[in-house]
*Asks:* 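So that we are looking at the same thing, I have put the structure below in structure tokens.
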Amino acid sequence: MKFFNDQCPDANTLAEFIEGKLLDKEHAHLSTHISGCPDCRDLCAFAAAANAKSRQGKMPQISAGRKKRIQQNIRRERFAMDALQAQWQKFTGKLQDIFNKVESAEVIAAGEEALTLTFASSADTPAAYHWKMQLAVSATAGTSLAIRIRTPKEPSVSGKLIFCGNELAVSNGRAAIAYETLKASFTNPEVAFIFTDNTRVAGFPVL
């Protein structure tokens, strides 16, 4: 069994973790991953609560039809997660290619824009919390990269941006991240915008 800090474990492995069936080394590796992964933390919390209810005899009886619908919903969620993972892999592959070109001087001229990254909230996000960000990656390494955040209601919104796991302050629709910081963390899929009312809305790469 292998664990990778940047890759979520499957459902069976998470179940074994919750039930305490993993070896100490495996448990330690997975604990490290879960500590930095909001999705896995949520799944573990949900499963642990369900297990507690089951042990106390509080789980409601589920009809065969409802059980089938639940299973179908789980399959749909799993397909959606797989699609998002594939989308993220395309994004990181594209960005890695840009890093390689910048660092091998395969650029036309210093200061030119090499790539514009776009992230946005999902289509099913409530209208009041839609957001979109664009980050221009220049062809010059080592510089601070400018980020622009917009929402339908507030073109110059303020709040916090979690980008590749880094917390960035957003003021009047603007933030920044150092080139080296992005290079070191671009495989971290944690992206979200935190509004001034503390509502956190996840963001996804727009390819």
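Residue numbers start at 1 and run along the sequence shown. Since the structure is predicted, the reported quantities are computational estimates derived from the model, not experimental observations.
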*Asks:* State, yes or no, whether a side-chain contact exists between Leu182 and Leu135 at a heavy-atom distance under 4.5 Å.
*Replies:* yes
*Asks:* Measure across Ala175 and Leu168 and return the closest heavy-atom pair with its distance rounded to 0.1 Å.
*Replies:* CB-CB, 4.5 Å
*Asks:* For the residue pair Val157 and Trp131, establish whether any side-chain heavy-atom pair is separated by less than 4.5 Å.
*Replies:* no
*Asks:* How long is the span from the CG atom in Asn100 to the CG atom in Leu95, to the nearest 0.5 Å?
*Replies:* 9.5 Å
*Asks:* When the ring centroid of Phe193 is compared with that of Tyr129, is the distance short of 6.0 Å?
*Replies:* no
*Asks:* Can you name the closest pair of heavy atoms from Ser144 and Ala176 and give their distance?
*Replies:*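 Nearest pair, atom of Ser144 first, then Ala176: OG-CB, 3.5 Å.
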*Asks:* About how many Å separate OG1 of Thr151 and NZ of Lys153, when rounded to the nearest 0.5 Å?
*Replies:*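 Going from the NZ atom of Lys153 to the OG1 atom of Thr151 covers 9.0 Å.
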*Asks:* Do you know which two heavy atoms are closest between Ala127 and Pro152, and how far apart they sit?
*Replies:*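 Of all heavy-atom pairs spanning Ala127 and Pro152, the closest is O-CG, 4.4 Å.
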*Asks:* Rounded at 0.5 Å granularity, tell me how far CZ in Phe204 sits from OG1 in Thr125.
*Replies:* 7.0 Å
*Asks:* Between Glu167 and Arg200 (salt bridge meaning N to carboxylate O under 4.0 Å), is one present in this structure?
*Replies:* no
*Asks:* Hey, any chance Ile194 and Ile149 share a hydrophobic cluster, counting ILVMFWY side chains that come within less than 4.5 Å of each other, even indirectly?
*Replies:* no
*Asks:* Provide the closest heavy-atom pair for Asn166 versus Ser185 in the form atom of the first, atom of the second, distance.
*Replies:* ND2-OG, 2.8 Å
*Asks:* Give, for atom CD of Gln96 and atom CD of Gln89, the distance between the pair rounded to the nearest 0.5 Å.
*Replies:* 13.5 Å
*Asks:* Can a donor-acceptor pair be found between the side chains of His130 and Ser121 at a distance below 3.5 Å?
*Replies:*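 Present: a donor and an acceptor within the cut-off.
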*Asks:* When rounded to the nearest 0.5 angstrom, what distance separates CG in Asn172 from CD in Glu154?
*Replies:*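 It is 10.0 Å, given to the nearest 0.5 Å.
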*Asks:* Is there a path of hydrophobic side-chain contacts, each under 4.5 Å between heavy atoms of I, L, V, M, F, W or Y residues, that connects Val170 with Ile162?
*Replies:* no
*Asks:* Are Thr181 and Phe163 side-chain neighbours, meaning at least one heavy-atom pair lies under 4.5 Å?
*Replies:* no
*Asks:* Apply side-chain contact (heavy atoms from CB on, under 4.5 Å) to the pair Arg148 and Met133, showing each step before the final yes or no.
*Replies:* CA-CA 5 Å; Arg148 186 68 184 268; Met133 68 154 277; over 6 Å; no
*Asks:* Which of these, Ile147, Thr118, Val206, sits in a side chain to side chain contact (heavy atoms under 4.5 Å, CB included) with Gln134?
*Replies:*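 Result: among Ile147, Thr118, Val206, Thr118 is the only option passing the side chain to side chain contact (heavy atoms under 4.5 Å, CB included) with Gln134.
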*Asks:* Looking only at heavy atoms, which two atoms of Cys164 and Trp88 are closest? And how far apart?
*Replies:* SG-CH2, 4.4 Å
